[in-house]
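Written out below as structure tokens is the structure these notes cover.
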Amino acid sequence: MTTWQEFKQNSHTISDIDMNIIETLTTSQSERIRRGISQRELAARIKMSPSQLASIERLDAMPTLATLNRYAHGLNLQIKVSVVSA
């Protein structure tokens with residue numbers, strides 16, 4: 001099985017923006033699981049269908065920043081965006 005770090009190092013076809021979205025979603029999903037919150041419960045909190053939430057977590061659809069924000073708020077988390085020099 002490939003680790004997350006190995007995947008990141010070998011994923012040259014994924015843009016930096018998409019990788020940031022994936023990392024943010026993965027961190028949020030890990031926190032959901034750590035807290036023992038089901039997909040169904042989180043979906044209800046953020047007014048999304050469980051199947052939509054499952055699709056986002058499987059990365060069948062790339063979530064927007066607004067969707068990531070809804071997800072985070074459902075867990076009482078905040079997403080912070082920053083601009084840095086390249």
Side-chain angles (χ1 to χ4, degrees):
M1 175 177 256
T2 303
T3 67
W4 178 241
Q5 291 302 322
E6 290 169 339
F7 173 79
K8 283 180 15 179
Q9 290 173 349
N10 296 320
S11 60
H12 304 291
T13 59
I14 299 174
S15 73
D16 289 343
I17 292 170
D18 285 347
M19 187 57 74
N20 287 335
I21 290 170
I22 292 167
E23 287 179 341
T24 302
L25 178 61
T26 302
T27 300
S28 300
Q29 183 180 3
S30 295
E31 185 62 19
R32 175 187 68 74
I33 293 166
R34 188 189 71 73
R35 293 181 184 188
I37 299 170
S38 69
Q39 282 183 336
R40 184 174 301 281
E41 182 181 348
L42 180 59
R45 287 183 189 183
I46 63 175
K47 298 179 179 29
M48 180 181 288
S49 74
S51 62
Q52 286 175 305
L53 183 61
S55 178
I56 290 167
E57 288 189 350
R58 284 191 313 268
L59 288 172
D60 288 344
M62 188 61 72
T64 63
L65 182 56
T67 300
L68 286 174
N69 223 11
R70 282 173 65 191
Y71 191 112
H73 284 166
L75 297 171
N76 294 316
L77 299 173
Q78 181 181 19
I79 293 179
K80 291 188 176 188
V81 178
S82 62
V83 177
V84 296
S85 297

**Asked** Going by heavy atoms in the side chains, are Pro50 and Gln39 under 4.5 Å from each other?
**Response**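 A side-chain contact under 4.5 Å is absent here.
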
**Prompt:** More than 12 foreign heavy atoms under 6.0 Å from CG of Asp16: is that the case here?
**Reply:**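 No, not enclosed.
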
**Over 12 non-hydrogen atoms of neighbours within 6.0 angstrom of CZ in Arg35** =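 Counting other residues, nucleotides and ligands, CZ of Arg35 exceeds 12 neighbours.
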
**Prompt:** Is Ile56 reachable from Leu59 through a run of hydrophobic residues whose side-chain heavy atoms are each under 4.5 Å from the next?
**Reply:**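 Same hydrophobic cluster.
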
For residues 61-69, please give each side-chain donor-acceptor pair under 3.5 Å, one per line with the distance, not counting sequence neighbours.
residue : atom : partner : partner atom : Å
Thr64   : OG1  : Ala66   : N            : 3.4
Thr64   : OG1  : Thr67   : N            : 3.1
Thr64   : OG1  : Thr67   : OG1          : 3.1

**Item:** Criterion side chain to side chain donor-acceptor pair (under 3.5 Å) on Ser49 and Gln52, from CA distance to verdict
**Value:** CA-CA 5 Å; Ser49 74; Gln52 286 175 305; 3.3 Å; yes

**Asked** Short question: side chain of Ser55, backbone of Ser51 - any donor-acceptor pair under 3.5 Å?
**Response**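 Not confirmed, Ser55 side chain does not pair with Ser51 backbone.
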
**Asked** Where do Tyr71 and Leu53 come nearest, in terms of heavy atoms and distance?
**Response**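 Shortest heavy-atom separation between Tyr71 and Leu53 comes out as CE1-CD1, 3.4 Å.
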
**Asked** Closest heavy-atom contact between Ile46 and Arg70?
**Response**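 Distance-wise, the nearest heavy atoms are O-NH2, 2.5 Å.
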
**Prompt:** Can you list the steps and then say if Met48 with Leu42 is a side chain to side chain contact (heavy atoms under 4.5 Å, CB included)?
**Reply:** CA-CA 8 Å; Met48 180 181 288; Leu42 180 59; over 6 Å; no

Let me have the donor-acceptor pairs involving side chains of residues 78-86, under 3.5 Å, with sequence neighbours excluded, atom names and distances please.
none

**Asked** Going from CD on Gln29 to CG on Leu75, what distance comes out if it is rounded to the nearest 0.5 angstrom?
**Response**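 Nearest 0.5 Å value for the CD-CG distance: 10.5 Å.
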
**Request:** Look at Arg32 together with Glu57 and state whether they make a salt bridge at an N to O cut-off of under 4.0 Å.
**Result:**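 Here Arg32 pairs with Glu57 in a salt bridge, since their nearest N and O are under 4.0 Å apart.
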
